[in-house]
There are 2 protein chains.
Amino acid sequence: MDRFVSHYTLRLDAKGRVSIPAPFRAVLARDGFDGLYCYPALDRPALDAGGNALLKEIETLIERFAPYSEEREQFSATLYSTSEILKVDGEGRVVLSEPLKSHAGIADAVAFAGHGHKFQIWEPGRFRAELAEATEKVRALKKQLGTRVAADGPHGARE
Amino acid sequence: MDRFVSHYTLRLDAKGRVSIPAPFRAVLARDGFDGLYCYPALDRPALDAGGNALLKEIETLIERFAPYSEEREQFSATLYSTSEILKVDGEGRVVLSEPLKSHAGIADAVAFAGHGHKFQIWEPGRFRAELAEATEKVRALKKQLGTRVAADGPHGARE
DNA sequence: CGTGACTCCATTGACGCCCAAATAAACCCA
DNA sequence: TGGGTTTATTTGGGCGTCAATGGAGTCACG
């Protein structure tokens, strides 16, 4: 599989390290990126993380704007300067920097949530709330769409 | 990695030296440029810095104007004449000249901010302000993009 | 001879790297 | 199906290395 799927909650150790869930590591390995590309999500208290696939998405986003345009400069400045490439140790762990942790309100545990080509890192409590809210909205949307739009996933219950 | 990513704040020592962040040095080494190409950013109180990739970008920019045109002469005069090639000592440090420091308002510390193919050098306080402002604008822009994207794709719902 | 700049060396603190224990999951066989 | 075993993953800790910083020595130039 080459998609980040499901979610996992893990604890930080005394040195601030967290294991990236093994299934996610497998996806990253296939992606071929050395390290973990990570930055604060723009519109929510979470971190976006991934590998080359995520990097490519960012580039595509930036290239929507004309070269040398103010918008483009701001996009590349914001995204590149707030991004970090976290090193992954031999056991598959990373250390989140202070800015990253404070953006997401992370203290001693994190929730990893798959998003297909990338995944997000949340403070576990906030993630539960976000998930509940998002589920509500999706239900409403689905009702709007009327017909069966498939996929109300079977794996929501996991922790 | 061959891009300047993330940002770092470092202090100048009594002799006015600053270490270039190790990750940035690694990118420069791969780029193959001897020294650090540096000039005052045109439209903000910061310095643009980099290696061959930056030099190439400048050339491309100048070539957009017709040869011998007034604009071209002015561009090349401005960019090239205000540029400096800073020497990097054995420990990876540089000394910023007075004109450079005064353009950016730098006193005893600097912030290095990755921009992909180049990086910028800021007075730390100003950088924080600039980053906050740029992030705001990017949020707004992305919101616009998001609505547009949602109309044509299956994964618009997630952002 | 004085001034400044560059090179070289030393300190300190953080970080990456490696090895080991504990926990949890998957598996196999009776 | 249940028990026991094996494997994989997560967690903990110690040690070595590297990066950031400060200072001293050396050379070039005015």
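Proteins come first, then strands; the chains are lettered A, B, ... in the order of their sequence lines, and each starts at number 1.
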Do [X] and [Y] share a hydrophobic cluster (ILVMFWY, side-chain heavy atoms under 4.5 Å, transitive)?
| X | Y | answer |
| --- | --- | --- |
| B:Y68 | B:F65 | no |
| A:I121 | A:V95 | no |
| A:V27 | A:V94 | yes |

Here's a test for you: under side chain to side chain contact (heavy atoms under 4.5 Å, CB included), which of B:L100, B:T78, B:L54 qualifies with B:Y39? B:L54
What is the distance, to the nearest angstrom, from the [atom1] atom on [X] to the [atom2] atom on [N]?
| X | N | atom1 | atom2 | value |
| --- | --- | --- | --- | --- |
| B:F24 | D:dA20 | CZ | C1' | 15 Å |
| B:Y8 | D:dA20 | OH | C1' | 13 Å |
| A:E98 | C:dA14 | CD | P | 13 Å |

Got a sec? Which of residues 9-23 of chain B come in under 4.0 Å of DNA chain C, heavy atoms? B:K15, B:R17
When you measure from every atom of DNA chain C, which of residues 82-92 of chain A have a heavy atom less than 4.0 Å away? A:K87, A:E91
Less than 4.5 Å apart, side chain to side chain, heavy atoms only: is that true for B:K118 and B:Y37?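 With C-beta onward as the side chain, the pair stays apart.
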Within the structure provided, determine whether A:R72 and A:P67 are in side-chain contact (heavy-atom separation under 4.5 Å).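 With C-beta onward as the side chain, the pair touches.
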Before you tell me yes or no, could you show the steps for A:R93 and A:D13 under side chain to side chain contact (heavy atoms under 4.5 Å, CB included), namely the whole-Å CA-CA distance, both residues' side-chain angles and the distance that decides it to 0.1 Å? CA-CA 10 Å; A:R93 292 175 290 193; A:D13 67 17; 3.8 Å; yes
Does the side chain to side chain contact (heavy atoms under 4.5 Å, CB included) test come out yes or no for A:I20 and A:L10, once each step is laid out? CA-CA 8 Å; A:I20 299 171; A:L10 284 80; over 6 Å; no
Where along residues 111-119 of chain B does a heavy atom fall under 4.0 Å from DNA chain D? none
Over 60° means perpendicular and under 30° means parallel, so classify the ring planes of A:F4 and A:F119, tilted if in between.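 Judged by the thresholds at 30° and 60°, the geometry between A:F119 and A:F4 is perpendicular.
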Under 3.5 Å, is there an N or O donor on one side and an acceptor on the other linking the side chain of A:R93 and the base of C:dG16? no
Atom of B:F24, atom of B:S6 and distance for their closest heavy-atom approach: CZ-O, 3.6 Å
